[in-house]
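One structure below.
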There are 2 protein chains.
Amino acid sequence: MNAIHLRIGHNLQRVRKQRQLSLDKVADLTGVSKGMLHQIERGDTQPTVTTVWKIATGLNISFSSLIKEDESAISIVKRKDAPDITEDNGNCLVYLLFPFNPQTQIEMFTIVLKPKGSYVSTPHNEGVQEYITVISGEFKISIRDDTYTLLAGEAIRFTGNVSHKYRNETDENVILQVVMHYPEA
Amino acid sequence: MNAIHLRIGHNLQRVRKQRQLSLDKVADLTGVSKGMLHQIERGDTQPTVTTVWKIATGLNISFSSLIKEDESAISIVKRKDAPDITEDNGNCLVYLLFPFNPQTQIEMFTIVLKPKGSYVSTPHNEGVQEYITVISGEFKISIRDDTYTLLAGEAIRFTGNVSHKYRNETDENVILQVVMHYPEA
DNA sequence: TCTTTTTGTTTAGTATATTATACAATTATA
DNA sequence: TATAATTGTATAATATACTAAACAAAAAGA
């Protein structure tokens with residue numbers, strides 16, 4: 001995932017080239033100086049929200065279209081040695097794959113539950129959706145008063161606004177892939 | 001329409017209060033200093049896009065939700081004496097009601113065609129929609145090879161990617177209300 | 001009550017966003 | 001070709017975003 005100011009730079013240059021406008025012309029339309037526009041396109045500055053707003057207004061395009069991710073963008077996450085979070089005396093390891101992205105409203109990580117490991121999650125905000133896919137091992141999850149057992153390849157989805165508990169009662173590691181989706185508000 | 005940095009300030013403070021978070025806590029979650037957050041909420045600064053991005057990420061909310069307009073916001077446009085644009089030797093006057101808003105993708109203005117006045121519009125970009133409502137007078141519009149005559153209370157909608165011409169062949173003023181809608185890209 | 005902690009606010013220093021101007025490189029025009 | 005106009009680039013000066021720290025005001029605990 002590219003930094004937001006780089007995306008703005010690319011998007012700006014794309015529409016400018018598409019409409020065959022010079023920097024001077026865009027400066028004229030938007031009220032943002034030519035030099036600034038140049039720096040924004042090159043990504044060597046982090047513009048103010050009002051500057052970006054002026055650009056969007058002057059070019060008659062949405063703010064979102066300026067900050068949107070290039071659909072061809074590719075992010076690769078390498079295998080990490082150290083977890084980002086450790087719970088339950090090191091028996092629950094959380095490896096962040098993709099941090100929360102305000103664009104997609106999604107966050108993704110891998111959880112390793114060591115033998116006898118467990119994790120209790122406090123309820124999330126209203127409307128949060130949680131998707132868990134079991135990569136390997138035998139996984140037990142308790143939601144409210146019910147407990148479910150899932151094996152590798154199986155998955156579960158639930159709204160996260162209720163407390164839930166992950167458990168690994170076996171002697172083998174349990175590996176999970178978790179996708180969180182947060183609501184707009 | 002409030003300035004974007006004021007909207008961000010209000011929206012930020014709203015979700016912070018809603019979640020009962022202190023400035024310190026938000027600073028901790030987002031990596032943006034407490035002082036900066038305070039200034040943003042108060043609207044006495046115009047934050048960088050990356051700063052706003054950090055806030056959105058840290059609070060798990062979308063960028064849009066931070067820049068969105070308060071639905072209860074009200075904008076009133078007073079009657080103006082001078083037109084924003086003058087065409088055809090002063091026989092076509094354009095009064096801007098609402099400038100282009102990247103949020104809604106809409107722009108709105110009033111056109112006064114004086115007797116025998118006319119206006120030729122070059123084609124807009126692909127996907128632009130134009131809505132014209134006749135407030136008073138007898139209005140003639142030519143799109144491509146066809147000419148339409150509209151009276152007060154009547155309206156027309158067409159895609160603006162083709163050249164079109166407004167005409168007033170009478171001896172009375174023609175007053176139009178025009179809404180432009182621009183596509184996302 | 002007094003102390004301690006937590007809250008929002010201010011301030012001074014610094015990093016940097018932004019502009020205006022000048023420059024270089026390219027394209028148009030004669 | 002020479003000249004002019006138009007393009008993107010660089011630079012220096014200024015305005016301001018941002019942080020860290022100190023401060024004040026309110027709430028909580030004793």
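Here is how names work: the chains are called A, B, and so on, in the same order as the sequence lines, proteins then strands, and each is numbered from 1.
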Problem set entry | 5' precedence on DNA chain C between B:Ser22 and B:Gly35 (nearest-nucleotide basis) |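 On the 5' side of the pair lies B:Ser22.
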
Exercise. Heavy-atom count around B:His10 NE2 within 6.0 Å, excluding the residue itself: above 12?
Worked result: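 Open: at most 12 neighbouring heavy atoms sit under 6.0 Å from NE2 of B:His10.
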
Presence of [X] side-chain N/O under 4.0 Å of [N] phosphate oxygens OP1/OP2:
X	N	result
A:Thr45	C:dT16	no
A:Arg16	D:dT7	no
B:Thr48	C:dT16	no

Problem set entry | Test ring-ring contact (aromatic ring centres under 6.0 Å, His included) applied to A:Phe98 and A:Phe109, step by step | CA-CA 7 Å; A:Phe98 297 101; A:Phe109 43 87; over 10 Å; no

Report the distance from atom [atom1] of [X] to atom [atom2] of [N], rounded to the nearest whole Å.
X	N	atom1	atom2	answer
A:Ile40	D:dT9	CD1	P	14 Å
A:Lys34	D:dG8	NZ	P	8 Å
B:Ile8	D:dC18	CD1	P	10 Å
A:Gln20	D:dT6	CD	C1'	15 Å
A:Leu23	C:dA25	CG	C1'	14 Å
A:Asp44	C:dT18	CG	P	12 Å
B:His38	D:dA22	NE2	P	19 Å
A:Asp24	D:dT9	CG	P	12 Å

Problem set entry | Donor-acceptor pair between A:Lys140 and A:Thr149 side chains, under 3.5 angstrom |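 Result is yes, a qualifying pair exists.
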
Problem set entry | Touch class at under 4.0 angstrom, heavy-atom based, for A:Ser33 against every strand present |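 Base: the residue A:Ser33, judged by heavy atoms under 4.0 Å, touches a nucleobase.
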
For this session: Have a look at A:Gln46 and say if it touches a base, only the backbone sugar-phosphate, or nothing, with a 4.0 Å heavy-atom cut-off.
Result: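 Counting heavy atoms under 4.0 Å across all strands, the contact made by A:Gln46 is with sugar-phosphate only.
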
For this session: Determine, stepwise, if the pair B:His164 / B:Phe158 fulfils ring-ring contact (aromatic ring centres under 6.0 Å, His included).
Result: CA-CA 10 Å; B:His164 44 278; B:Phe158 58 98; 4.9 Å; yes

